[in-house]
**Q** 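Below you'll find the structure I mean.
Everything numeric here is computed off the predicted structure, so don't read it as measured data. Naming: A, B, ... by sequence-line order, numbering from 1 per chain.
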Amino acid sequence: MTLRLYDTATREERDFVPMTAGKAGIYLCGPTVQSAPHVGHLRSAVAFDVLQRWLERSGYAVTLVRNVTDIDDKTLAKAADAGWEWWAWALRYEREFQAAYAAVGVKAPAAEPRATGHIPEILGMIERLVANGHAYEQGGSVYFDVRSFVGYGALTRQALDDLSPAQDAPLEDKRDTHDFALWKARKDDEPATASWDSPWGPGRPGWHIECSAMAHRYLGEEFDIHGGGLDLRFPHHENEQAQSRAAGYGFARLWMHSAWVTQSGAKMSKSLGNGLLVSEVLAEHEPAALRLALAAVHYRSMLEYSPSTLDEASAQWARFQGFVARASEKVGAPSAATVATAELPAAFVEAMDDDLGVPRALAVIHETVRAGNAALTAGDDAAVAAALLAARSMLDVLGLDPGAPEWAGEKAGASDAAMGALDFLVKADIEARAAARAAKDWATADAIRDRLAGAGIVISDGADGARWSLASES
RNA sequence: GGUGGAGUGGCCGAGAGGCGAGGCAGCGGCCUGCAAAGCCGUAUACGUGGGUUCGAAUCCCAUCUCCACCUCCA
């Protein structure tokens, strides 16, 4: 069975055929760092993180490049309004994005290039486009000539004459309303630090060119997969593809787009102001639960976010954690290497190979956990061990292995030493309660349990003694 | 106007011609001193109207509703 992925360009699932056997090059449009990350941003990042993990698990060496757009109109405007230097403003939010990605277990990309760090590459590509007749200079700015490139509109099936007129720039400088800026001449009110020398005078890069230039630098003229949010298809990705191909490069072989997070059916976005900030969500829920909530819906389907979304995800996460903890106590935890290489259930593989069918894959995990819990009750250690290994391996593919270091002890945010000390203290209470229970002194036993519960410590009685855990909800 | 997507049980969500994914919530039961956790059971779902078929949530026609992109957006 080979991996099949839905290609936005052809609107069908296609077998993933890498350019180079055993390798996968991915360019992912990262954030424009002009405001704080919301859960929609994380959804996209998690979707492609799962793609990376599945490719790696399938034996590919993945090179994932995720850019940072650290200069654009809004960044300059917002920084100016706030009385900040634009570069400090951009870096502040770049750090917030990185922290948010890391919090939900998104792997660090192989490269994380910034637009402002690649001015030479950008200038080189623009000069190439001017030289071959696909771009023209006007008043110190350079525009891409959409009418000059017959492939324009190929990605999103747009016919130039059917599009509504663009309103992003005065028409007088452009030959066609849909021509877009590759290079923007410096305006008098813009800071000197936001300007670079070019053959056309001082200025800064347009929005789309940086991705073409950086993809070219890190992944070459042609690469396997280009990803991003659905809203980037047009005009951003269309323009990227047009300028790269007009420059003579093959560019992306396959396009993947992740869908939005919606609230009451409407898209969550910066401009609508209905974005749920990552910082707000993580103040009330575990990061793993957020990741699970974001990954649980197929990446091409809208994810309807409601107040219960995180509660449900937390319940599922607690179920996974609970099984892994109980099973590990009973039969021992497999090593990380074993988890990373264990054979995966066929149904899981089939689901993931079918355009990353995470919802179906999750169903397999739940079935495995149920079987494991049943085996635990039945005392079938062999079955428990098998279910534990299978469950952790599958969850590992989704970046949600409860036994992985990044999630261990996350609830308290506590160090191993602190957890050890807490365990020492709670054990004393558990022993006292066991003595009370043995004496059928239920009042004392319940009082101990209630007192611990008040501190956020949950006691569960089992056949072979009581165990404790921290409550899921803070 | 152009392009694309969606309507599935209380909720979230898979599936895509024939055995009713999975989760959450609910209800009944088992277990438990009581809980918690866990396990077992439990829903006659597929926007509407036609059609094709032995058989349709899945195919065809029509129709309604919603969302998005075409301006910045994951």
Side-chain angles (χ1 to χ4, degrees), chain A residues 8 11 28-32 34-35 37-48 72-75 77 97 153 156-169 178 207 227-236 238 257-262 264-272 275 292-293 296-298 300-306 308-309 311-316 318-319 322-323 325-326 347 351 354 357-367 369-378 437 440-442 445-446 449-450 453 458-463 466-467 469 471:
Chain A
T8 311
R11 299 186 307 163
L28 177 60
C29 277
T32 301
Q34 41 109 341
S35 59
H38 59 65
V39 296
H41 294 116
L42 285 194
R43 186 188 184 194
S44 179
V46 167
F48 289 99
D72 80 322
D73 294 350
K74 282 202 170 178
T75 306
F97 270 91
T156 52
R157 306 192 156 209
Q158 304 288 341
L160 276 171
D161 294 327
D162 292 333
L163 292 169
S164 338
Q167 298 151 16
D168 60 329
H178 290 100
W207 175 33
L230 201 49
D231 40 8
L232 295 177
R233 268 181 319 176
F234 194 91
H236 187 234
E238 188 70 68
H257 294 277
S258 60
W260 301 298
V261 177
T262 58
S264 303
K267 178 189 175 190
M268 187 182 289
S269 79
K270 291 176 194 169
S271 47
L272 288 179
L292 179 54
V297 177
H298 186 92
R300 288 195 288 117
S301 296
M302 300 300 168
L303 190 166
E304 174 64 17
Y305 190 96
S306 76
S308 65
T309 302
D311 291 336
E312 286 187 19
S314 295
Q316 288 192 48
R319 179 173 160 79
F323 168 65
R326 289 189 300 274
D354 183 11
V358 174
R360 277 153 62 204
L362 265 175
V364 178
I365 295 174
H366 273 108
E367 283 159 8
V369 168
R370 175 159 33 76
N373 276 323
L376 226 29
T377 302
R437 292 183 74 212
K440 298 202 187 302
D441 179 1
W442 309 127
D446 290 352
R449 186 170 64 194
D450 290 347
V458 180
I459 297 295
S460 309
D461 294 322
R467 54 193 309 279
S469 61

**Q** Return the set of residues passing salt bridge (Lys or Arg N to Asp or Glu O under 4.0 Å) with R370(A) (not counting sequence neighbours), or none when no residue passes.
**A** none

**Q** RNA chain B in dot-bracket, Watson-Crick or G-U pairs under 3.5 Å, [ ] crossing, | other strand?
**A** (((((((..(((.....[...))).(((((.......)))))....(((((..]....))))))))))))....

**Q** Mind listing the N/O atom pairs, protein and nucleotides 57-59 of chain B, below 3.5 Å?
**A**
none

**Q** Who passes salt bridge (Lys or Arg N to Asp or Glu O under 4.0 Å) against R157(A), sequence neighbours left out?
**A** none

**Q** Going by the rule salt bridge (Lys or Arg N to Asp or Glu O under 4.0 Å), which residues pair with D73(A) if we only count those two or more places apart in sequence or in a different chain?
**A** K184(A), R204(A)

**Q** Can you list the residues that meet the side-chain contact (heavy atoms from CB on, under 4.5 Å) rule with E312(A), with sequence neighbours excluded?
**A** S308(A)

**Q** Quick one: CD on Q158(A) to NE2 on H178(A), what's the gap to the nearest 0.5 Å?
**A** 8.5 Å

**Q** Tell me whether the side-chain N/O atoms of K267(A) come closer than 4.0 Å to OP1 or OP2 in C69(B).
**A** yes

**Q** Could you tell me whether the side chain of S44(A) and the main chain of H41(A) form a donor-acceptor pair under 3.5 Å?
**A** no

**Q** On RNA chain B, check which nucleotide each of W442(A) and D231(A) is closest to and give me the residue with the more 5' one.
**A** W442(A)

**Q** Check ring pair (Phe, Tyr, Trp, His ring centres under 6.0 Å) between H236(A) and all other residues, then give those that pass, not counting sequence neighbours.
**A** W207(A), H208(A)

**Q** Taking only residues two or more places apart in sequence or in another chain, which ones pass side-chain contact (heavy atoms from CB on, under 4.5 Å) with Q316(A)?
**A** L292(A), F320(A), H366(A)

**Q** For R449(A), what residues pass the salt bridge (Lys or Arg N to Asp or Glu O under 4.0 Å) criterion, not counting sequence neighbours?
**A** D446(A)

**Q** Want to settle it: does F234(A) or R370(A) sit nearer the 5' end of RNA chain B, counting the closest nucleotide to each?
**A** R370(A)

**Q** Do the side-chain N or O atoms of R233(A) get closer than 4.0 angstrom to the phosphate oxygens (OP1, OP2) of U3(B)?
**A** no

**Q** What closest approach, in Å, do M268(A) and G40(A) show between heavy atoms, and which atom pair accounts for it?
**A** SD-N, 4.1 Å

**Q** With sequence neighbours excluded, tell me which residues meet side-chain hydrogen bond (donor to acceptor under 3.5 Å, both in side chains) with D461(A).
**A** R433(A), R437(A)

**Q** For the side chain of E304(A) and the backbone of G265(A), is there at least one donor-acceptor N/O pair under 3.5 Å apart?
**A** yes

**Q** For a quick check, with a 4.0 angstrom heavy-atom cut-off, what is the B/S/- contact string for nucleotides 25-32 of chain B, read 5' to 3'?
**A** --------

**Q** Each nucleotide N or O in nucleotides 12-14 of chain B that has a protein N or O under 3.5 Å away: list the pair and distance.
**A**
from, atom 1, to, atom 2, distance (Å)
G13(B), OP1, E304(A), N, 2.8
A14(B), OP1, H298(A), N, 2.8
A14(B), OP1, S301(A), OG, 3.3

**Q** Using the P atom on both, measure A57(B) against G51(B) and round to a whole Å.
**A** 15 Å

